**Student:** 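Structure below; questions to follow.
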Amino acid sequence: MTHIALAGGALLILIGVWGMLTKKNIIRIIIGFSLFDTGLHVVLVGLGHLKNRTAPIIDSDLPREAAASRVVDPVPQAIVLTAIVIGLAVTAVLLAFALKLYQSRKTLDISELREGNND
Amino acid sequence: MNFDPMKIPWSLLGLFIVFCIGMFIRGFVPKITARVGKRIGIRIYQPWFDYVKNFSIQTSITHGYMFYLGPVFRLTGGIGMVLFMPLIHGSWYFSNFAFAGDMVLFLYLMFFGTLGMALGAGESGHPYSAIGVARGLAQVTVAEIPLVLAMLAVAAQHHTLSISQIVAAQQGGIAHWTMVTNPVATATGMLALLGSMMNSPFNVVLAPQEIPIGPPTEYHGTFLGILTTNRSIFPMAKIIFFMNIFFGGATNWAILILKGWLIYMWPVIVGVVFPRFRVDQSIRWFLKVPLLLGILAVALV
Amino acid sequence: MTDKKYPSHEVTGPDGKTFTVTPMEDYYCQERPQVQKSANAVVEKFFNWARANSLWIVGFGTGCGAIEMRPLRTPRFDAYRYGINWRATPRQSNLFIISGYLSVKTLKRAIRVYEQMQGPKYVLGLGSCTINGGMYWDSYNTVKRLDYYLPVDAYITGCMPRPESLLDGFEELKKIIMAGEANGANLYAEKFDWYKANQKKIIKNWDMPDYSW
Amino acid sequence: MINPILIIAIALGTAFSLGLLKKLGRELSFAITLIALAAMAFISAQWLSAFLTYNMLGPVVTTAGGRAPFVIVLQMGHMEALFTLLINVMGVMGAFYLHDRLTENGNGAMAVLLAGIMGLNGIILTGDIFNLFVFLEIASIATAGLVLLVTDFKSLTAGFKYMLASGLISGLFLLGIIFLYNTTGTLNIRELLIAVPGTIKAGSVASFLVMMAILLEMKPFPANGWGIDLYSGAPAGVSALIASASATAAYFVLIKLLPLGGTVAYKIAAAVGITTFVASNLVALSQRSATKLLGYSSIGQMGLVVGIYGLNYHLGSKAFLIIFSLLGTHYLAKAGLFWLSGIVQSTEIDKWSALRKSPVLFVLFGIFVFALMGFPPFPSFFGKWELIMGLVASKLYWWAGAILLGTMFEGIYLFRWFSRALKLDNQELAKPRSTIYTFVPPLVFAILLFPAGYYTSTYTGGIGIMGFAPLLFIMLIGFLDFLPAYIKNILSIAGVAAYSWYLWPHVQGNTFKIVFAGIFMGGALLALFAGFYRRGKHLGFYPTTLLMFLGLGILVDASNLMELFYGWELMTIGSYFLLIRGERSLPHGYSYLLFSLGGSLAMMFGFGLAHASAGTIELSALNHIHVLPALAYSLMLVGFMTKTASLGFHIWLPGAHGEAVADIHFMASAVLLKAGVFGIILVLSGMGNSEPYARNILLVLGWIGALTALIGNIGAAFQESAKYLLAWSSIGQLGYIVFGLATMTHLGWLAAYGYTITHFLYKGILFLIIGGIAFRVGTADMYKMGGLIKRMPFSFLAVLISIITLAGIPPLVGFTGKWIFYNMIVSEHMFYQGLVVIISGIVAFLYLFRLIHVIFLGQLKDKNRRVKEVYPWLLIPAYAMLIGVMVLSMFPNTLLGPLGRMLSTAFPKGALHWDGYTASTAYGTFNMPIIMAVIGSTFAVVFLWLLLANRRAVKVKQFNIFYSGEAPSRPELTHFGYNFFAHYKKAVGFMAVPLVTRFWDQVSEGLHALAGYGRAIYTGNAQSYLFHIVGFVVAIYLITMGGLS
């Protein structure tokens, strides 16, 4: 299970990078970025997983005293939550840029966006 | 050696003798030239007439104070060269002020007169004077190259720059002359001599008719007289210099006259045989054979 | 004096100030020639002897007669042996040979050259043309009598005179000089106004100072 | 102590409240923002002062008492305090500068700014690697937000590329973090640093990814296209923030995390950093856009500090001093330059000449540029010095060489930019508008550079207070620039006199130093005295002149290499500003500066070797260097020879000197060039001539000197402008001196010293007089003059005597020099070099005659009929020097005696033997008083004779010449002056072909072509940039795996 998650995550990362590097449409590039980001998150969680352990949520099934021995490492889980938020923010900023760029040039082709480099 | 006031009259006597020899040669050389052209030529004492005539000119003009001083510089340079030259080897009376300087002084004193004259001629405002000076300077820069090389070679050979000592080192027969002991340097020096004696093929500086006569175009009367005085002294100083460093110097006046006359004949003979070079041609000429000979001369020391 | 060739003009100096340049006054010396006193008699005799034996001719052939001077430098005639020499500049010459006819145009140059020679200086008129116009006696454009314009010391007659005549003329001139009678320069200075009047009468475009130093 | 968490809290709190309090007036919001930032800066400052006062450990603070990553762990320490202070100060200044934009965009923008600064603070303070990631992301999102302050297309694309790239990089970072956590089980940086070396192999994926991410944050070459576009695309104020604050924070991350990668990481950082430094400066060469230049320069500078950090183990205790001085300079200067770019409103470097319309801003521009280039008294000077010393001492020659090369490239474009701004016409450009908001920040940063420099110097040692105190006086003169010139002149003379007073006890008893101090300070006094001829204000002249003379003074006074170099660089700055004052001096001043820069870099390397060899920077370190001695001495000689304008390095001189006006020409030529001689003497005294390598160097040096003399003199003969002529002549004269020194003989050195002094005198006369004439006549072209002897008799006399001296004609003192040369040549058998030197001496006649003839003789032109004699202010110093020439001519032993005694200690063999006034060597003799008496009395007699025989000469005028019976028409057509030596040119003109100029032109073209290729990778396409990043990571990975681990 862990390996599948890790492999899947790695695949997502590669797809994402591939998308960012090859697609001409800005939106697709941003999607590529999202995939890359998501892949990272999957890898993150996958690496934090411990066999036969449960989610680090302390409730009635999981007493506080037993938590240390029965839950997976909570740190990656915490990290991934933050990372998701941040990834969202970055995606949002990227989209904001994409919108503004589209408004100013009426195109989403990334190869058109290279003004100012001819000097 | 220190200064002795008695040197002054003896030096002046030596100077006068040199002047007379110069005047004589100045009469003699055109005679030779004339004979080569199958003419009778001037009277041998003609330079004296011309000399007196120039001082008898009653009117004169001046273009300014540098113009006025030009001939003074010129003659001072010429006289200076004689005064710092040991004329007769072994003679206290005719060793002049040679103790105060050496070959280097001689070489640079040559330019004293040249520069003053050039400036005087320049102030006349005559474009031809300036052209003549420009030619002369351009030519002298290369004509000096073999001369300097020959001088260096001789100085290194005799381990001294002092003219008196070089003469002393050559005493004792023709086999000790630099001419024999260092023929390459001598040849170089003699080629250099051609360039500075104002004879064809290197007399484009004066180039009569083309730029009337170059630098002294505006000089006349007394000025010309002084320049003429220098024309008798200056070449003689050079000739004596060559005699001293290449041909064993002179132990009495007869030898001096003989050797001086013979050396003087060299540029004269070359002059009557060869036509005139343009300045750039003469520059290139000096940069070929004389330069190589000169380098060979110092390389052999 | 007309200044057609050298009009006065306004010039702005490097400091921005404007001033007038009058070439005739600014470029040329305005002095008149002076009569030169001779030195003491003995010295003067000595000098005259030297002067007579050192005749330097200014190299300016004014007319056809100049062709007769050339042979003098050849082995056949060889004038050098008499102390005759040719100089390229009038500054250093003391003999001016007006060689043959003298057109008005050339006269102007001849006057300049003559005045630029330093005294004592001598003029030889060569050929009949310098005496009375010769074959150009009715030409509108040649000088008929040279000594109206320049003080002539001796004439050599003929049309053309042979080089031998020229040599003879030199010998005559030498005698005159030795006798101390070759005072052309002083004569010119003494009768300066007369000469100038004569010169200006026929030279219409007089555009030089009265005396070209 | 204030809890450091308040830094974060204040920023966040203010940002949120600004978001909430939209109703607040914008000015008020702005004020609140500023206050918040100032408070943050205050906290950092207060911590920093505490750390500096008490040697203590900083606290670790956690929020909410939990454990990371659930809570934020903040750590305060020396470095943290310093870096947060830098960032917060930049925050205050940056916000202040951005006032207009912020108030225009409202509270949101201010909140974004605050968040950004908060993020940067967090990056530094955090003790947890994941928090670090979070703060990085916050900072980059905020940066993108700030870029959006202007919504033109350029900024948008730049911001977009930036976001994409930083997204990719932070993805790598996150991946690295999680791998790290996976292997070590901790996220705390301290614990990681302890755990990593034990648990994971260096170069493993985890540390590799982290390392790559932090390196990529530093925008390494070539994966930095996005960074350059960001710098040039963002608004100026934002670029300043990025260049100073963000880069500083990112650098701190590097400092903090690089140990994770182990030693291999240092190697990679060093390689990547220095490559980036060299490459981005190279690529910038062909760049004409100001903001891009700044971008390249920023990236380059950051690359440099990264590289230095990578090398820091080799640099020992000085490593952080070096880093901080360079980083600090970059921080201040780059922010300042970006701010100025916002004021100028044009990215074209040529349009920056508009900045001259606001002189204060222009001065700031100059300060920033020179600070960036590592000139004194700025901190980077000390940093670069210590850096090179350290690297060379550790035998890291190639690294040092690469850094110097990169610096050279940087100098080429920065100085081109500056020079063009300084000289290009700005008539049609609008005056740059600056408000109080845009004006204050750069001003503050520029002022800060000075104390920073002083502060740095106290750590490096070497420079005493006298290196700085006179600078204050110079600044004072700078502030008084509005006064008329003569007042400033009096003040300056007083200043120089005071400095000379100070200097005297230091040089007393040391003939060598007395000679040069005399030339430098005497030259200063004479030149300043000549300066009285000027009218008006003469803006900017006095500070730069004094700076140059101060540099020269320090040079003489120097007791160690650093001081020497300090003085040298000060002198370079000052002289550059003097030389570029001429009307058409732009290219010449620029090339002067480049040659000087190249020279000083070479010199620095050489000094580094000396230091490495001796272990000290005392002047004695120059003696008998044993670490790569041939290279060391050659480099130092090359450095000094750029100032003596020896062959190969002479091409800057004719133009630079030829365009200068009289007194500047005097300073530049008669005085300044002697600085190079001073240096060569130092080096050669240290090198000696016993070693085989020394003999080879001396042989080459001797030929360089001889050929310089020849080429200089021939070149002079073909000049039409009197000033160019004199400039070429100076090249030739310096050639003699170099030749004399290279002989390493008593006589050679004697001649060289003699020339050094007499050249000062006679060339001084010529420069002052010819310059004065050029001023009067309104041109330096000789053929436009002529006949001036009638108008300027005193000038003529002075020039006549000085050219007789220069030509070496007896009986004046110049002959002494020639005589010694001959004796030396013959006694040392140096015929071939000697011949070249002698010939060049004779060639000198050509230009000397031309100089005096074409100016003074010949025909007076109409225009000049009323010109006046040269100003007495110029004549008086000239005649003072003339008296010096005459005295030395009559009694050469007054000069040669003491010099000979000094040289006898170093060269006991072959000294001049003095017997009364008779000097003799083994070869020759001369007795100057007798020569003078004989020539003088002959002259007098002949003159009297002429006067007697020719009493009544009629004084005639200029057209009274024999003109073949004709009359000249105009003076212009009768004056032979133009192309005077046409025939000479025909014969030997091939020697005057500007081969050296062509060589340097081709070097420059080649560099630009290379730069063009390099630049081709920056396509502007975001995807290429991403590809570069990926490629960079892959390439480094392969190299690491294959080569280093």
Side-chain angles (χ1 to χ4, degrees), chain B residues 3 55 60-64 66 68 71-72 75-76 79-80 83-84 97 99-102 104-105 108-109 111-112 115 118-119 122-127 130-131 133-135 137-138 140-141 144-145 148-149 152 155-156 159-162 212 217-218 221-223 226 278-280 283-284 298, chain D residues 787 789-790 796 800 804 807-810 815 818-819 822-823 825-826 829 831-832 834-835 838-839 842-843 845-846 849 852-853 857-859 922-927 930-931 934-935 938-939 942-943 946 949-950 952-956 958 960-962 974-976 980-981 983-984 986-988:
Chain B
F3 179 72
F55 281 103
S60 74
I61 59 164
T62 171
H63 286 276
M66 198 63 227
Y68 204 94
V72 181
L75 183 56
T76 306
I79 292 178
L83 288 185
F84 290 110
F97 299 98
F99 63 89
D102 48 29
V104 187
L105 176 68
Y108 277 86
L109 210 48
F111 294 111
F112 186 84
L115 181 73
L119 293 176
E123 207 193 358
S124 71
H126 202 294
I131 292 173
V133 173
R135 291 176 174 187
L137 283 174
V140 86
T141 56
E144 292 293 317
I145 295 179
V148 166
L149 282 169
L152 291 177
H159 297 287
T160 179
L161 278 164
S162 154
T217 302
E218 284 287 307
T222 324
F223 299 117
I226 288 186
R278 283 199 320 263
V279 177
D280 53 311
I283 289 175
R284 291 210 192 102
V298 291
Chain D
I789 185 174
K790 302 280 192 303
F796 174 78
L800 176 64
I804 290 180
I809 295 174
F815 170 69
K818 302 276 178 205
W819 182 83
Y822 271 82
N823 279 280
I825 289 164
V826 176
H829 281 234
F831 295 123
Y832 307 110
L835 175 74
I838 290 169
I839 294 310
I842 294 169
V843 170
F845 286 108
L846 294 181
F849 177 70
I852 197 163
H853 169 80
L857 308 176
Q859 299 280 339
Y923 280 77
T925 342
F926 84 112
N927 183 329
I930 288 191
I931 294 173
V934 169
I935 292 180
T938 310
F939 190 89
V942 176
F943 185 46
L946 182 64
N950 193 354
R952 294 181 303 271
V954 175
K955 185 114 177 50
V956 297
Q958 65 190 87
N960 288 112
I961 54 175
F962 167 58
T974 318
H975 186 53
F976 179 51
F980 202 74
F981 292 114
H983 40 64
Y984 200 61
K986 196 173 170 190
V988 300

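The chains referred to below are lettered A, B, ... by the order of the sequence lines, with proteins before strands, and numbering in each begins at 1. Only this structure's heavy atoms are used, side chains among them; waters, hydrogens and symmetry mates stay out. Because the structure is predicted, anything quoted here is derived from the model rather than measured.
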**Student:** Heavy-atom pairs under 4.5 Å with chain D - which of B/V72, B/L149, B/V279, B/L83 has more of them than the others?
**Tutor:** B/V72

**Student:** What are the two closest non-hydrogen atoms of D/L800 and D/I852, and how far apart are they?
**Tutor:** CA-CD1, 3.7 Å

**Student:** Check B/S60 against D/N950 and note the closest heavy-atom contact, atom names and distance.
**Tutor:** OG-OD1, 2.6 Å

**Student:** Please find the pair of heavy atoms, one from B/A138 and one from D/H983, that lie closest to each other, and give the distance.
**Tutor:** CB-CE1, 3.5 Å

**Student:** Does any backbone or side-chain atom of B/F111 lie under 4.5 Å from a heavy atom of chain D? Answer side chain, backbone, both or neither.
**Tutor:** both

**Student:** Does the side-chain contact (heavy atoms from CB on, under 4.5 Å) test come out yes or no for B/R278 and D/K986, once each step is laid out?
**Tutor:** CA-CA 11 Å; B/R278 283 199 320 263; D/K986 196 173 170 190; 3.4 Å; yes

**Student:** Below 4.5 Å from any heavy atom of chain B, which atoms of D/H975 appear? Answer side chain, backbone, both or neither.
**Tutor:** neither

**Student:** Measuring heavy-atom distances to chain B, does D/A949 have an atom under 4.5 Å in its side chain, in its backbone, in both, or in neither?
**Tutor:** both

**Student:** Which one of B/G221, B/G80, B/A118 has the most heavy-atom pairs closer than 4.5 Å to chain D?
**Tutor:** B/A118

**Student:** For each of D/N960, D/I838, D/I931, D/V843, tally heavy-atom pairs with chain B at distances under 4.5 Å, and name the one with the top tally.
**Tutor:** D/I931

**Student:** Please check if the side chain of B/S162 supplies one atom and the backbone of D/G924 the other of a donor-acceptor pair under 3.5 Å.
**Tutor:** no

**Student:** Which atom pair, heavy atoms only, marks the closest approach of D/I809 to B/L115?
**Tutor:** CD1-CD2, 3.8 Å

**Student:** Tell me, side chain or backbone of B/Y68 under 4.5 Å from chain D's heavy atoms, or both, or neither?
**Tutor:** both

**Student:** Which residue out of B/E218, B/R284, B/M66 racks up the most heavy-atom pairs below 4.5 Å with chain D?
**Tutor:** B/E218

**Student:** Any idea which heavy atoms bring B/L161 and B/D102 closest together, and the distance?
**Tutor:** O-CB, 3.3 Å

**Student:** With a 4.5 angstrom heavy-atom cut-off, which part of B/I226 approaches chain D: side chain, backbone, both or neither?
**Tutor:** side chain

**Student:** Taking side chain as everything from C-beta outward and backbone as N, CA, C, O, which of these in D/I825 sits under 4.5 Å from a heavy atom of chain B? Side chain, backbone, both or neither.
**Tutor:** side chain

**Student:** Between B/F84, B/F55, B/Y108, B/F223, which shows the greatest number of heavy-atom pairs under 4.5 Å with chain D?
**Tutor:** B/Y108

**Student:** Kindly assign one of parallel, tilted or perpendicular to the pair D/F815 and D/F926, based on the angle between their ring planes and the thresholds 30° and 60°.
**Tutor:** perpendicular

**Student:** Heavy-atom distance under 4.5 Å to chain D: side chain of B/F112, backbone, both or neither?
**Tutor:** both

**Student:** Side chain, backbone, both or neither: which part of D/F845 has an atom under 4.5 Å from a heavy atom of chain B?
**Tutor:** both

**Student:** Take the angle between the ring planes of D/H829 and D/F831 and call it parallel below 30°, perpendicular above 60°, tilted in between.
**Tutor:** tilted

**Student:** Any donor-acceptor pair under 3.5 Å linking the side chain of D/H853 with the backbone of D/G858?
**Tutor:** no

**Student:** Identify which part of D/F981 has an atom lying under 4.5 Å from any heavy atom of chain B, answering side chain, backbone, both or neither.
**Tutor:** side chain

**Student:** B/V298 versus chain D, heavy atoms under 4.5 Å apart: side chain, backbone, both or neither?
**Tutor:** both

**Student:** If you take the centroid of each ring, where Trp contributes its six-membered ring, are D/F976 and D/F980 closer together than 6.0 Å?
**Tutor:** yes

**Student:** Could you look at B/E123 and say if it's the side chain, the backbone, both or neither that has a heavy atom under 4.5 Å from chain D?
**Tutor:** both

**Student:** Please classify the contact of D/I839 with chain B as side chain, backbone, both or neither, using a heavy-atom distance under 4.5 Å.
**Tutor:** side chain

**Student:** Taking every heavy-atom pair that is under 4.5 Å apart, which of B/L75, B/V133, B/L137, B/T222 has the most such pairs with chain D?
**Tutor:** B/T222

**Student:** Quick check: closest heavy atoms across B/P127 and D/I961, and the distance to 0.1 Å?
**Tutor:** CD-CD1, 4.1 Å

**Student:** In terms of heavy-atom pairs under 4.5 Å with chain B, which of D/V954, D/I935, D/N823 leads?
**Tutor:** D/V954

**Student:** Counting only non-hydrogen atoms closer than 4.5 Å, does B/L119 touch chain D with its backbone (N, CA, C, O), its side chain (CB onward), both, or neither?
**Tutor:** both

**Student:** Would you mind checking which part of B/S124 comes under 4.5 Å of any heavy atom in chain D, side chain (CB onward), backbone (N, CA, C, O), both or neither?
**Tutor:** backbone

